[in-house]
Amino acid sequence: MNQAVANNILPDQTERKRVVNSIAMIMILVSLSMLFATLFLGYSVYRVSADQWPPFGFESISLMIPGISTLIVILSSISFVAYKKLWINKSSNAKIFYFITLGLGLAFMASQFRLWANLKTTGIFVDSSVFASMIYAFTWIHAAHMVAGILALLWMATSLKSDEPKELSKMINIEKFWHFLGIIWVIIFFGIFVF
Amino acid sequence: MAFYEQHIHPKPTNFLSKYIISYDHKVIGKQFLWYGIFFLFVGGLMALMIRWTLAYPGEAFPIIGSFLFPETGGAVPPDTYAMLFTMHGTIMIFYAITPILIGAFGNFCIPLMIGARDMAFPLLNMLSFHVAVLSAVILMGSLFTPLGAAAGGWTSYPTLSTLIGSPGMGQTLWTLAIFILGVSSTMGAVNYITTIITLRAPGMGYFDMPLTIWGLGLTAVLNAIFLPVLGAGCLLLIFDRVFGTTFFLAGAAATSGTGDPVLFQHVFWIFGHPEVYILILPAWGIVSDLLSFFARKPAFGAKATALSMTTITILSTLVYGHHMFTTQMSPLLTQTFMTLTMTISIPSAIFFANWLGTIWKGSIRFTSPMLFSLGVVFVFGLGGLTGLYLGTVTTDLFLHDTYFVVGHFHYTMAASVLLGGLGAVYFWMPKMFGTIMNEWWAKVHFWITMVGLNIVFMGMLLIGYAGMHRRIFNPFVYEFTQKLIPLNELTTWGAIIMGFAQIIFVINFVHAVFFKKEKASDNPWEVGTLEWTIPSPAPHYNFDKIPVVKCGPHEFGNPNLTGDRDFQYQTEELA
């Protein structure tokens, strides 16, 4: 990297600043990975030491809503990539993909609220058992980060009007965060709901 | 070459922008320093109350006892005793050592020593301090809740820390405060790492960085990776306490399903073992530099020191099980953890030998920072060696949860880090505040502290080896501990001596910061690292022109030096 900078392969200041921001974002994602990894550690301990899973008296959660959430999250990542591509190419269609991404993010949150409501109607409350607690803990903590992601998307709205290079830096880093949340959700989906 | 050119901030004009919402890393460093010194006082007072109770159980704590505990006529009540040792540990580790070593010197030294104008993210840096203040307010607030503060020990093991062990708001607020502080430290860590990677002055490779920066950088890596682990544990504990989940409850305590109390211990120590290195690594780095600076010799094997610190950082993540030998772990696992723990002695021995190699045949200047550094070498040696007995399964089963453990971690985490931190305060004082502290009183401070500190912590080791357990309100209800009362009294008097010695420091410090007229020169210690090439105190933009680094940080005694100078600035090139 240093070599590249020394040889002026990264020419202008904003591009260099972008590298700096990316390094910081990667560190933040490493931190957040450890947070979720710890939750998964706990989950696997409970799961492995349980006599049966789901515990007696509980049925597996219907995959319907979590499945929809997964689909939404994957689509939102794709539309984010599309937005970035079109924005770089200065296409007039870019704006549509910004709103699609934002809409899908909000739809994901709606699906989460739907999931919690469904769990409650089927009698699965947060204090019902470790099985239920784990589902709530994972979805709550993930949703809290999702809210941060949506706020970041709103902050990124400045890119709709401006095509300054610093917007790209912002976009690239929010994109990293967004994909990260998507990946975490997919792991939650398979780790907790499917298997 | 730094990744990008940093602009010079406009000079702050009013009080608010200068001292409260400052983006300047030096001001944020000083904010953390005052914050840490305040909590050192609070935590130290608590320590004195604990020690007083152990030496004179049931007797009124002198002077302020009757004001604090009117219902018992001034003696520390048993439940308050549990709160005191919990809060003492928490405050000292998270609110005193962390802010001083990492918050204050991390912020102050990193940009100055690598030749940058500020951190990579000044706003994030400022927020990190403000979040830390929020956390401190919550923690201090917990002292005034109806059932009192957290009382489950600084480790907060369930079931002590669940609603069954500690009802009331205190423990919940404790957990919340630690979580928030974790956010603050992670923000700081991300900033430190990015700054070190991207903003080193042109010409400065990683091995041209002072070892202080190595220590701080490795600490930041550990912080960024392992604080979230504690964060996850804290979140689950909060869920248990607030939403009625049963992650950490088992048996009859868990009304619905069953959790696992020992899981918290795993999570805590996966974080907790790196945490002890988080605390000590900056002190190691600072001492490695100061020994070279005042022995007027290049740091012996500086590269090896840096690499051994890195090795220790990596190994520290693999040994946490040695805190849990008594949790009915499989013997195969205990032996694995024991072996890995013992492996840490190898890099430790390397840099310890390097320290001795550095001062060997040096023309040592016994200034106050040097005295404190030599103090660290001594107390860390003792602390490290007592660690071997605790890392070995067979001896640990006997010593577990005794005062021997308390003595050991006070020697490593309290004594070494405190002495290292004080040495750093004396050393960077001219660059921070533009004045130099009174050397004579600094030395008096050192010797009294050193004597007091060794009486306290050596006493703890002996008491613990004799079998006295930690965290017991009145251990002398047991017949075999009654013979330890005189030793406990001696230990307490050591603590009192050490406590009163700090008054010398506070007066010296406050005098130097606010009242001293005589300004320090730009480079009073005659050292060649980058921060000594600029005026004292450092101007708000640090470097008018970003320096170009030509040599390492510990260049002393080069025969090509001209004049009566024996050191070489990092910006100089000699044949």
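Each chain gets a letter, A, B and so on, in the order the sequences are listed, and its residues count up from 1. We use all heavy atoms of the structure for the numbers below, so side chains are in, but hydrogens, waters and symmetry mates are not. What you are looking at is a predicted structure, and each value in this text was computed from that prediction instead of being measured.
Using a 30° and 60° split on the angle between ring planes, A:F138 and A:F40 fall in the tilted class, from 30° to 60°. Ring pair A:H142/A:W185 is tilted by interplanar angle, where 30° to 60° counts as tilted. A perpendicular orientation is assigned to the rings of A:W53 and A:F131, their planes being inclined by more than 60° (bins at 30° and 60°). By the 30° and 60° cut-offs, the orientation of the rings of B:F271 relative to B:F268 is perpendicular.
Counted by atom type alone, A:S69 and A:S111 present one or more donor-acceptor pairs between their side chains at under 3.5 Å.
With a threshold of 4.5 angstrom between heavy atoms, B:L199 does not approach chain A through any atom at all. Contacts between B:V229 and chain A at a heavy-atom distance below 4.5 Å involve backbone atoms as well as side-chain atoms. Residue contact with chain B, scored on non-hydrogen atoms closer than 4.5 Å, involves the side chain of A:V45 exclusively. Using a 4.5 Å cut-off between heavy atoms, B:F239 contacts chain A through its side chain alone, with no backbone atom that close. With a 4.5 Å cut-off on non-hydrogen atoms, A:M25 does not touch chain B at all. Residue contact with chain A, scored on non-hydrogen atoms closer than 4.5 Å, involves the backbone and the side chain of B:I225 alike. Only the side chain of B:I270 has a heavy atom closer than 4.5 Å to any heavy atom of chain A.
Your options are B:F247, B:F243, B:F264, and the one with the most heavy-atom pairs under 4.5 Å with chain A is B:F247. Chosen from A:F36, A:Y136, A:W140, the residue pairing most often with chain B at heavy-atom distances under 4.5 Å is A:W140. Put simply, of A:L32, A:I141, A:V30, A:L41, the one with the most heavy-atom pairs under 4.5 Å next to chain B is A:I141. Of all the listed residues (B:I193, B:N191, B:L124), the one sharing the greatest number of non-hydrogen pairs under 4.5 Å with chain A is B:I193.
Around NZ of A:K176, the count of heavy atoms belonging to other residues, nucleotides or ligands within 6.0 Å exceeds 12. Enclosure of atom CZ in A:F113 is not indicated, since only 12 or fewer non-hydrogen atoms of other residues, nucleotides or ligands lie within 6.0 angstrom. At most 12 non-hydrogen atoms from other residues, nucleotides or ligands lie less than 6.0 angstrom from NZ of A:K95.
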